[in-house]
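Worth saying up front: this structure is predicted, and the values here are computed from it rather than measured.
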Amino acid sequence: MFSKKEIYFTLIALCFLFYANILGNGFVSDDIPVILENPQLAFGYKLWYDPQSVLNSLSFHISRLSPFAYHAISIVLHSANTILVFWFLRLFFGLQASFLG
């Protein structure tokens, strides 16, 4: 059927396809207090205990307050999690069932 590389590419492409509509949007709801109103965001070393805050701080240092960078990193993380779930399901099920999962 498909090789593993084709399946990985398809899963990543699907993540980008489904989440690409957020790239042009601004910050909403919980982004405002966590990103826009967070004075500690510029000091990532103070946030080492919270992975989300470290990631937001890294995004802040790369692009300041550009929503595009935050959303692009979110899509990359969704893609990575999709691949991890596929690997986990692959431990218990066949290739097709894992892909559908």
In the structure I gave you, are the side-chain heavy atoms of Phe99 and Leu89 within less than 4.5 Å of one another anywhere? no
Spell out, yes or no, whether Ile12 and Leu84 are grouped together once hydrophobic residues are joined by side-chain heavy atoms under 4.5 Å, including indirect joins. yes
Of the non-hydrogen atoms in Phe27 and Leu65, which two are nearest, and what is the gap between them? CE1-O, 3.5 Å
Between OG of Ser98 and CH2 of Trp87, what distance do you get to the nearest 0.5 Å? 13.0 Å
In short, Ile83 meets Tyr8 closest at the heavy-atom pair CD1-CD2, 3.8 Å
Is the distance between the ring centroids of Tyr70 and Phe60 under 6.0 Å? no
Any Ile75 side-chain heavy atom under 4.5 Å of Leu23 side chain: yes
Can you tell me how far apart CD1 (Ile7) and CZ (Arg90) are? Round to the nearest 0.5 Å. 7.5 Å
Count I, L, V, M, F, W, Y as connected when their side-chain heavy atoms are under 4.5 Å apart, and connections chain through other members. Are Leu91 and Val85 then in the same cluster? yes
Determine the interplanar angle of the Tyr19 and His78 rings, folded into 0 to 90°, and report it as parallel if under 30°, tilted if 30 to 60°, perpendicular if over 60°. parallel
Supply the atom-to-atom distance Phe68 CZ to Asn25 CG, rounded to the nearest 0.5 angstrom. 11.5 Å
Separation between CD1 of Ile22 and OG of Ser74, rounded to the nearest 0.5 Å: 4.5 Å
Note: His71 and Gly26 closest approach over all heavy atoms is NE2-O, 3.4 Å
Rounded to the nearest 0.5 Å, what's the gap from CG on Leu77 to SG on Cys15? Could you check? 11.0 Å
